[in-house]
Student: 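Please see the structure below; I have some questions.
Source: prediction; values computed, not measured. Here is how names work: the chains are called A, B, and so on, in the same order as the sequence lines, proteins then strands, and each is numbered from 1.
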Amino acid sequence: MTKNDVAAILEEIGNLLELKGENPFKSRAYFNGARTLQTLAEDLGVLVREKRLGELPGIGDALQQKITLLVETGSLPFYDELKASFPAAILELLDIPGLGQKKLKVLYAELLIDNVDALEAACLDGRIAGLTGMGEKTAANILAGIMQRKKYAGLHRYGEIIEQAQDLLDWLRGHPDILRLSLAGSIRRAKEIVKDIDLIGSSADPAAVMADFILHPEIERVLSHGSSKSSVLFKGGVQCDLRLVADADFAYALHHFTGSKEHNVALRQWAISLGYKLSEYGLVAESAGAPTLTCRTEAEIFRALDLEDIAPELRENLGELEAAEKGLLPRLIEWSDLKGCFHNHTTASDGKNTLRQMAEAAASIGLDYFGISDHSKSSVHVNGLSEEQLLQQVAEIRLLNKELDDIHVFAGVECDILKDGSLDYEDAILSQLDYVVASVHSSFNLSEGEMTKRICRAMENPHVTMLGHLSGRLLLLRNAYALNIPDVLKVAAETGTWIELNCSTYRFDMDWRWWHQARDLGVKCVINPDAHSVQQIGNIKLGAQIARKGWLRKQDVVNCLDLDAIKNALKKPKL
DNA sequence: GCCGTTTTCGGCCCGACTGTTTTCAGTCG
């Protein structure tokens, strides 16, 4: 049982306890415990074995026992009994917008509603509207929530809505009554999955701004409309919340609504320890005689609390406050630090543009070098290259380099890691390339041990320069395969194998949560677009955002090296 | 159920908006 499995069970327990009418703080304790496990950098099995679970924040005696039982035996009688006292599908109803635990509890107790179809029927035949505390509008809202959920599932990949968010920001900034305006929420923190677009603005006439905001031509439905907050649903299914405050409150509101919630809770505690009370409205001295503070910017709020300015991407309560206190925050990478990239495809395998088009497009966004790595022969479904085709492409690249003077093209391959950890070409072929990206494209269902061994064996090959999309996940589509990432990181450090941060909007893989640890082990990151078209080369900008989230600096990312330095790095034997 | 320099009991972030209600509860972030 992985830590994510355990975390999912703790969350489920939290929800079931709320439905049961338990002390809400008790169920919150389960949610907190789940969150701790999800962001755990260590191996859960090791923690359990060494009886160190209690050292984790939010894990006390009771959770320690329950987690230990789950890890050691794979089951938990407390959970089984709790689950058995409710219908199987009831928690799915909590995903419907507008329906929380309290209403769900009433629906189940009064009408025995325990699935989406029964809920939909009850909305339509008037039974919902007849309950105390619920009326026609409640029924209509729940119904709209069911429809919305069916249509859009409510979650979005960061890389697919960030552009829309930026456009919206620009549109709204043109409003004459807007003073300041920023993205907030998880999209500002560059989370790989985003629920909605949060905007925070300041205005002397918020009602006027709101009145115009809800007239945006791309809006499908206005969900709520007030003078300080409005929510709309855009065509295409993205929800956007706009909050407006007085300009004096802007920095506080921006910080508050950027979150994360966990960061905010920690920062409030921190403020209390210094004698202040922090909220979205201000930073107020609690002790008599202390000066009243006015912060114009978030940086000023942090400074007032004796902290370095914490970048939004780092605000996850994963050590950023402690680092900011000691002046140890990393100087985070910027996309413009990137000088090139390595994992890109052409029409030779499954790309949409030719070798030359790709190289010229890379040059046009200012890159100094660019690597071509088409698929290897086992990936027949994506037109993987035979040995002859691959060597032919290498020859073409050598010729192209004589023509192009503003970019250098490296010849590589995305070589399949076969089921047993061997590679898809012989060493005699691989040795003729400038570099090799090794990736898993098949046999996803191996055990964790087998998959870990497979990938580690591939890294032992001296020709393997880097690992591609380490976990194989496709965001919102496919889970990562079973893999012991700490073990992989250890071997990557020992063998000098780089690990890719794949910038496909579906991947962002390796996950940002691991990079801080990888960095501390000395594992180098390489930010790659996995571009299958000229447009996708630009995804390295998104990748740099995610790298920032993983605490990465310029010196941790090899493709920040200039052309001469990267040539030397590629020539150097890795072992 | 967790936590602790006001500590082993009594808190646990809190305000906007909506809808159902005559003063407030639920949801959301």
Student: Is there a side-chain polar atom (N or O) of A:Lys195 under 4.0 Å from OP1 or OP2 of B:dG29?
Tutor: yes
Student: Taking only side-chain nitrogens and oxygens of A:Ser228, does any of them come within less than 4.0 Å of OP1 or OP2 of B:dC17?
Tutor: yes
Student: In plain terms, say whether A:Arg553 and A:Asp556 are close enough for a salt bridge, that is, a side-chain N and a carboxylate O under 4.0 Å apart.
Tutor: yes
Student: Does B:dT8 have a Watson-Crick or wobble mate here (both distances under 3.5 Å), and if so which one?
Tutor: none
Student: B:dG29, B:dG1, B:dC28: which one has an atom nearest the side-chain heavy atoms of A:Pro97?
Tutor: B:dC28
Student: Roughly how far apart, to the nearest Å, are B:dA16 and B:dC9 at atom P?
Tutor: 37 Å
Student: Applying salt bridge (Lys or Arg N to Asp or Glu O under 4.0 Å) between A:Arg548 and each of A:Glu320, A:Glu316, A:Glu334, report the one that passes.
Tutor: A:Glu334
Student: Between B:dT23 and B:dG15, how many Å separate the two P atoms, rounded to a whole number?
Tutor: 23 Å
Student: Identify, between A:Lys229 and A:Gly135, the residue whose nearest nucleotide on DNA chain B lies closer to the 5' end.
Tutor: A:Lys229
Student: Counting any heavy atom closer than 4.0 Å, what does A:Lys103 reach on the DNA or RNA strands: base, sugar-phosphate only, or nothing?
Tutor: sugar-phosphate
Student: Let me know the distance between CZ of A:Phe31 and P of B:dC28, rounded to the nearest Å.
Tutor: 12 Å
Student: Would you state whether a donor and an acceptor, one from the side chain of A:Arg268 and one from the base of B:dC13, lie under 3.5 Å apart?
Tutor: yes
Student: Under 4.0 angstrom, heavy atoms only, what part of the nucleic acid is A:Lys105 near: base, sugar-phosphate, or nothing?
Tutor: nothing
Student: Please report the distance separating the P of B:dC28 from the corresponding atom of B:dT20, rounded so that it comes out in whole Å.
Tutor: 15 Å
Student: Tell me which nucleotide among B:dC12, B:dC17, B:dG1 gets nearest to the side chain of A:Arg28.
Tutor: B:dC12
Student: Could you check how far CD1 of A:Ile142 sits from P of B:dG19, rounded to whole Å?
Tutor: 12 Å
Student: Taking the C1' atom of each, how far is B:dG11 from B:dT21, in whole Å?
Tutor: 31 Å
Student: Do any side-chain nitrogens or oxygens of A:Lys277 fall under 4.0 Å of OP1 or OP2 in B:dC13?
Tutor: no
Student: Atom CD of A:Gln269 to atom P of B:dG11: distance rounded to whole Å?
Tutor: 15 Å
Student: Return the nearest nucleotide to the side chain of A:Asn23; candidates are B:dT27, B:dC2, B:dC12.
Tutor: B:dC12
Student: Let's test your reading of the model: under 3.5 Å, does the base of B:dG29 pair with the side chain of A:Asp198 as donor and acceptor?
Tutor: no
Student: So, A:His263 versus A:His255, ring centres under 6.0 angstrom or not?
Tutor: yes
Student: Per the salt bridge (Lys or Arg N to Asp or Glu O under 4.0 Å) rule, what does the pair list look like for residues 252-262 of chain A, sequence neighbours excluded?
Tutor: A:Arg35-A:Glu262
Student: Can you check the A:Tyr252 OH to B:dG15 C1' distance for me, whole Å?
Tutor: 18 Å
Student: Would you say B:dA16 has OP1 or OP2 under 4.0 Å from some side-chain N or O of A:Tyr281?
Tutor: yes
Student: For atom P, what is the distance between B:dC2 and B:dC13, given to the nearest Å?
Tutor: 16 Å
Student: Using a heavy-atom cut-off of under 4.0 Å over every strand shown, decide if A:Glu22 touches base, sugar-phosphate, or nothing.
Tutor: nothing
Student: How is A:Leu17 classified with respect to the nucleic acid when contacts are heavy atoms under 4.0 Å: base, sugar-phosphate, or nothing?
Tutor: nothing
Student: Would you mind telling me which residue lines up with the more 5' stretch of DNA chain B, A:Thr138 or A:Gly100, judged by nearest nucleotide?
Tutor: A:Thr138
Student: Is the distance between the ring centroids of A:His225 and A:Phe213 less than 6.0 Å?
Tutor: no
Student: Measure the distance from CG on A:Asn141 to P on B:dT20 and round it to the nearest whole Å.
Tutor: 8 Å
Student: How many Å lie between CG on A:Asn32 and P on B:dC3, as a whole number?
Tutor: 9 Å
Student: In whole Å, what is the span from the CZ atom of A:Phe25 to the C1' atom of B:dC12?
Tutor: 5 Å
Student: From CG of A:Leu183 over to C1' of B:dG29, roughly how many Å is that when rounded to an integer?
Tutor: 16 Å
Student: Roughly how far apart, to the nearest Å, are B:dT8 and B:dG1 at atom C1'?
Tutor: 15 Å
Student: Compare the minimum distances between each of B:dT20, B:dG29, B:dG1 and the side chain of A:Tyr30, then state the nucleotide with the smallest one.
Tutor: B:dG1
Student: Let's see if you can work this out: which of B:dC17, B:dG1, B:dG29 has an atom nearest to the side-chain heavy atoms of A:Ser224?
Tutor: B:dC17
Student: Taking atom CD as the centre, does A:Glu163 end up with more than 12 heavy-atom neighbours from other residues, nucleotides or ligands that are less than 6.0 angstrom away?
Tutor: no
Student: Assess the pair A:Phe234 and A:His216: is the distance between their ring centroids shorter than 6.0 Å?
Tutor: yes
